[in-house]
Student: 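Structure incoming, see below.
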Amino acid sequence: MSKVRVRFAPSPTGGLHLGGVRTVLYNYLFAKNKGGDFIVRIEDTDQTRFVDGAEQYIFDCLKWCGIEPDESPLHGGNYGPYRQSERKEQGIYQQYADQLIKEGHAYYAFDTPEELEQIRKKIPNFQYNQHYRVAFGLRNSLSLPENEVSNLIEKGTPYVIRINIPKDIIISLKDMIRGEVSFDSWQIDDKVLLKADGMPTYHLAVVVDDYLMKITHAFRGEEWLPSAPVHVLLWKYLFGLDKMPEWAHLPLILGPSGKLSKRDGAKYGFPVFAMNWFDPKTNELTEGFKEKGFLPEAFINLLALLGWNAGTEQELFTKEELIEQFSIDRVHSGGAKFDYEKAKWFNHEWIKKSGTDSYKLQAKAIFEANGITITDDAKFETILSLVADRCTLIPDFYTQAIFFFKTPETLDADAVKPKWTEEKKIFFTEWIDKLQLIGNWELVTLEDNFKELATAKNIKPGELQLPFRIMLVGGKFGPPVFVIAAAIGKEETIKRIKNALQQF
RNA sequence: GCCGCGUUGGUCAAGGGGUUAAGACGCCUCCCUUUCACGGAGGAAUCACGGGUUCGAAUCCCGUACGUGGUACCA
């Protein structure tokens, strides 16, 4: 059997959303599981929708996810070029369109978009298909006499090439996820294959490029299923069904209310794109998982599990484990609703199981953006690991650890006041004096010292711990108090106690 | 409208003729901790509906409903 080759074929029109990344991921996992190649092909046949920077953005996202293409416009390869606009320049698509015309599987159509628009208005369910192609004044090489057709072409009349869908046949295909799927040809329309500007449409381009690039398995979103019969026909006419890749139409990822849109992100407060995307056309910024504080390991893990599972109870997978265990027949056929709570759980788990290396840079950047300069990296990492259990998203490190670097601005006095007594106040006042005398400022010393004085004052140490915490942290959270005191140092600890005493 | 695809707790899901219908997220209770988490123990909550087939259906078949996609010289 020939080497497995799969492709991800995005069009550079904007951000890469969850569904797109999952499609890439399944492509990639499938290929790597089979020791095959993963190819990225840019489908930029619609020049009106081209967005500057979108292509680079897609590669940036893949890189962040840890998905490295074997072939692409950026990575090179033996089946280039990998941009359809460049392939069009080489006349690749035209020749196949011509072949189809010659063999009677396609025809010229001279109707302008405006004319078709008019017809659609008149006939509600109009389709350019076998029922209408020689009626309603449609002008094409099936309805017009031969000499008029050649006349129009000679005069340079713009035309498109449409596929000639045969009558009364059943077109079926085997989908790796859904099994046999079939369509009646009477309801399939004669899709445009080559546009008036000479560019192929997706329909012609996928088939031709998948053939030329020797793609063995084609994964795409479920939204392509209705046009699959057109592709099957094209394969049959052009290259033979025995050469056709195996298809897999992936289920959709849904949002809280129906299909997932980038609007859902703003509406429900979760990212839908892999990375921040700034659309130069609309000046709109759409938030990404990366910037929201997700670890790439968690991101691909949660996406992989949205529609696939190993059949075991394992939910946390490294990329390597996913590659090893991925199998297409464990992919669901039904759409999955994206659950942000579960997504956060995945990230939380990954933060807990990863070392500080995987998030320290991003965490550091957040501290510095908030005006905190990190001078001691080793200490910074120690602090990060101290609070990691409490962090779901990377920015949480800031809120969970800021008090290590800065005196809290406000103290949650309400947490202390109800049980605050004159005795406790005296305790802390005297403790300051004792602290001044401590030579080796260490966890055990501090804790012993604290308990000693508490016992002497006949107060339970536990009753003093919460006030002490509020003094140092400002609120009811964080690692053990003495760990904090040890970390921030003598001077700062005393300063915070004094400061708090004035407020309680 | 027509066509395609889908439907197991709120969400992700295992199970594919006989199970007390796994597990995870979230929610609730308790334990641990005189903080918050982590960790641990419990709890509430599900086979869309209606017909078949069968001794027996969440599982097979047919309808219906609902969801979702397509119906462009967009991908």
Student: Measuring to OP1 and OP2 of A37(B), would you say a side-chain N or O of Arg469(A) lies under 4.0 angstrom away?
Tutor: no
Student: Does a side-chain N-to-carboxylate-O contact under 4.0 Å join Lys121(A) and Glu117(A)?
Tutor: no
Student: Are Leu254(A) and Leu260(A) close enough that some pair of their side-chain heavy atoms sits under 4.5 Å apart?
Tutor: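 A side-chain contact under 4.5 Å is absent here.
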Student: Taking N and O atoms by type only, does the side chain of Lys191(A) place a donor or acceptor under 3.5 Å from a partner on the base of A72(B)?
Tutor: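 Looking at the base of A72(B), it does not pair with any donor or acceptor on the side chain of Lys191(A) (distance under 3.5 Å).
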Student: Answer with yes or no whether Arg390(A) presents, from its side chain, a donor or acceptor under 3.5 Å of a partner atom in the base of C36(B).
Tutor: yes
Student: Base, sugar-phosphate, or nothing for Gly334(A), non-hydrogen atoms under 4.0 angstrom?
Tutor: sugar-phosphate
Student: Using a 4.0 Å heavy-atom cut-off, does His332(A) contact any base of the nucleic acid, only the sugar-phosphate backbone, or nothing at all?
Tutor: sugar-phosphate
Student: Across the strands shown, which category fits Arg178(A) at heavy-atom distances under 4.0 angstrom: base, sugar-phosphate, nothing?
Tutor: sugar-phosphate
Student: Would Phe317(A) and Trp308(A) count as a close aromatic pair, with their ring centres under 6.0 Å?
Tutor: yes
Student: When all nucleic acid strands are considered with a 4.0 Å heavy-atom cut-off, which category describes Gly307(A): base, sugar-phosphate, or nothing?
Tutor: sugar-phosphate
Student: Touch check for Asp111(A), heavy atoms < 4.0 angstrom, all strands: base, sugar-phosphate only, or nothing?
Tutor: base
Student: Send over the distance from Phe477(A) CZ to U33(B) P, rounded to a whole Å.
Tutor: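 It is 22 Å, rounded to the nearest whole Å.
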Student: Would you mind classifying the nucleic acid contact of Phe346(A) as base, sugar-phosphate or nothing, using non-hydrogen atoms under 4.0 angstrom?
Tutor: nothing
Student: Determine: side-chain N/O of Arg330(A) to OP1/OP2 of G15(B), distance under 4.0 Å, yes or no.
Tutor: yes
Student: Less than 6.0 Å separating the ring centroids of Phe219(A) and Trp247(A)?
Tutor: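 So the answer is no for these two rings.
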Student: Under 4.0 Å, counting only non-hydrogen atoms across every strand here, what does Gln127(A) touch: a base, just sugar-phosphate, or nothing?
Tutor: sugar-phosphate
